[in-house]
Engineer: 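Just dropping this structure here.
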Amino acid sequence: MAYETTEVPIARTQEALRKLIQSHKGFGLAVISEQDPAGKEPAQEGFQAKVMIDGVPYIVKIMATAKPAPKYSSERQKQVHFEQEQRRIWRVLYWHMKSVFEAADSGVMEFRELMLPYIVIPGDGRTIAEHILPKLAAALAGDPSHLLPEKTEGR
């Protein structure tokens, strides 16, 4: 797997990501780190930012799930593993966004299409992917209705 042994500090990668987003007219980068205190849910790392798509600001959110520590790890081994996972995840997020911007900048792919899964839908704070993925099997089986929530009054 990529970046499993990276030593690049998390803060350095996050700053590079912030600069990358800003250099493409984005703004408002917020770092998200979610850990279940009970340890039942996998930890997640990611970010939310505003990016410009066709001159309109959209909020995007990208989250990545940390791999759990090996089953018989000590608390110290778990902590070391998680810190390495954080470094790995942030490198992957940075290079993913860099590739998205390069594909769009070069005209090979359209930015809006590349960012579509990560766009946050106003109202509930979930991304388009978070809305669609649970319903994808039904859509592929021939029932594409209701992939996104119905528009409610006031939205």
Engineer: List the atom of Ile21, the atom of Phe27, and the distance in Å for their closest heavy-atom pair.
Structural biologist: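 The pair with the smallest heavy-atom distance is CG2-N, 4.0 Å.
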
Engineer: Using the test side-chain contact (heavy atoms from CB on, under 4.5 Å), find all partners of Leu133 that sit at least two apart in sequence or belong to another chain.
Structural biologist: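 If we apply the side-chain contact (heavy atoms from CB on, under 4.5 Å) test to Leu133, skipping adjacent residues, the hits are Ala129, Leu136.
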
Engineer: Return the minimal non-hydrogen interatomic distance between Glu45 and Ser33, and the atom names on each side.
Structural biologist: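 Taking every non-hydrogen atom into account, OE2-OG, 2.5 Å.
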
Engineer: Is there a side-chain contact between His24 and Val51 in this structure, where contact means two heavy atoms from C-beta onward sitting under 4.5 Å apart?
Structural biologist: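 Contact flag for His24/Val51 side chains = no.
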
Engineer: Are Met115 and Val120 linked, directly or through other ILVMFWY residues, by side chains that come within less than 4.5 angstrom of each other?
Structural biologist: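 Shared cluster, no.
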
Engineer: To the nearest 0.5 angstrom, please state how far the OH atom of Tyr94 sits from the CZ atom of Arg18.
Structural biologist: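 The OH atom of Tyr94 sits 12.5 Å away from the CZ atom of Arg18.
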
Engineer: Between the side chains of Thr13 and Arg91, does any donor sit under 3.5 Å from an acceptor?
Structural biologist: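 There is such a pair between these side chains.
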
Engineer: Consider only side-chain heavy atoms of I, L, V, M, F, W and Y, link residues closer than 4.5 Å, and tell whether Ile121 and Met63 are in one cluster.
Structural biologist: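 No; tracing contacts between hydrophobic side chains, which count when under 4.5 Å, never links both residues.
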
Engineer: side-chain contact (heavy atoms from CB on, under 4.5 Å) with Thr65: which of Gln44, Glu41, Glu34?
Structural biologist: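 Only one option passes, and that is Gln44.
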
Engineer: Would a single hydrophobic cluster contain both Met52 and Leu116, if residues Ile, Leu, Val, Met, Phe, Trp and Tyr are joined by side-chain heavy-atom contacts under 4.5 Å?
Structural biologist: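 Per the 4.5 Å side-chain linkage, Leu116 and Met52 are not co-clustered.
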
Engineer: Please find the pair of heavy atoms, one from Gly125 and one from Glu130, that lie closest to each other, and give the distance.
Structural biologist: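 The pair with the smallest heavy-atom distance is O-OE1, 4.3 Å.
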
Engineer: Please answer whether the main-chain N or O of Ala66 pairs with a side-chain N or O of Gln86 as donor and acceptor at a distance below 3.5 Å.
Structural biologist: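 Looks like no, no N/O pair under 3.5 Å.
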
Engineer: Give a yes or no on whether the backbone of Ser99 and the side-chain of Glu102 come within a donor-acceptor separation of less than 3.5 Å.
Structural biologist: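 No: the side chain of Glu102 does not pair with the backbone of Ser99.
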
Engineer: To check you understand the geometry: which heavy-atom pair defines the closest contact between Pro70 and His81, and what is its length?
Structural biologist: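 The pair with the smallest heavy-atom distance is CD-ND1, 4.3 Å.
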
Engineer: What heavy-atom pair brings Glu4 and Lys67 nearest, and what distance separates the two atoms?
Structural biologist: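 That would be OE2-NZ, 2.6 Å.
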
Engineer: Examine the side chains of Gln79 and Glu75 and answer whether a donor and an acceptor come within less than 3.5 Å of each other.
Structural biologist: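 There is no such pair between these side chains.
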
Engineer: In Å and rounded to the nearest 0.5 Å, what is the OH to CH2 distance from Tyr3 to Trp90?
Structural biologist: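 Rounded to the nearest 0.5 Å, the OH-CH2 separation comes to 15.0 Å.
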
Engineer: So, for Ala64 and Leu93, which heavy atoms are closest and what is the spacing to 0.1 Å?
Structural biologist: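 Minimum heavy-atom separation between Ala64 and Leu93: CB-CD2, 4.4 Å.
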
Engineer: Measure the spacing between CG of Leu17 and CD1 of Ile62 and express it to the nearest 0.5 Å.
Structural biologist: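 Output value for this atom pair is 8.0 Å.
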
Engineer: Go through the steps to decide whether Phe47 and Gln14 satisfy the test side chain to side chain contact (heavy atoms under 4.5 Å, CB included), and finish with yes or no.
Structural biologist: CA-CA 9 Å; Phe47 69 92; Gln14 290 171 342; over 6 Å; no

Engineer: Determine whether a donor-acceptor pair (N or O, by modelled atom type, separation under 3.5 Å) exists between the side chain of Glu85 and the backbone of Phe82.
Structural biologist: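 No, because the side chain of Glu85 does not come within donor-acceptor range (under 3.5 Å) of the backbone of Phe82.
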
Engineer: Could you tell me the separation between the CG atom of Leu29 and the NZ atom of Lys19, rounded to the nearest 0.5 Å?
Structural biologist: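 The distance works out to 13.0 Å.
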
Engineer: Grouping I, L, V, M, F, W and Y whenever their side-chain heavy atoms are under 4.5 Å apart, do Ile128 and Ile59 come out in a common cluster?
Structural biologist: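 No, it is not one cluster - the side chains of Ile128 and Ile59 are not joined through contacts under 4.5 Å.
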
Engineer: With no hydrogens and no angle check, is any side-chain donor or acceptor of Arg87 less than 3.5 Å from a backbone partner on Thr6?
Structural biologist: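 Judged by distance alone, yes, a pair lies under 3.5 Å.
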
Engineer: Going only through I, L, V, M, F, W and Y residues with side-chain contacts under 4.5 Å, is there a path from Val60 to Ile132?
Structural biologist: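 Same cluster.
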
Engineer: Using the ring of each side chain (for Trp, its six-membered ring), is Tyr118 parallel, tilted or perpendicular to His96, with breaks at 30° and 60°?
Structural biologist: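 Correct class here is perpendicular.
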
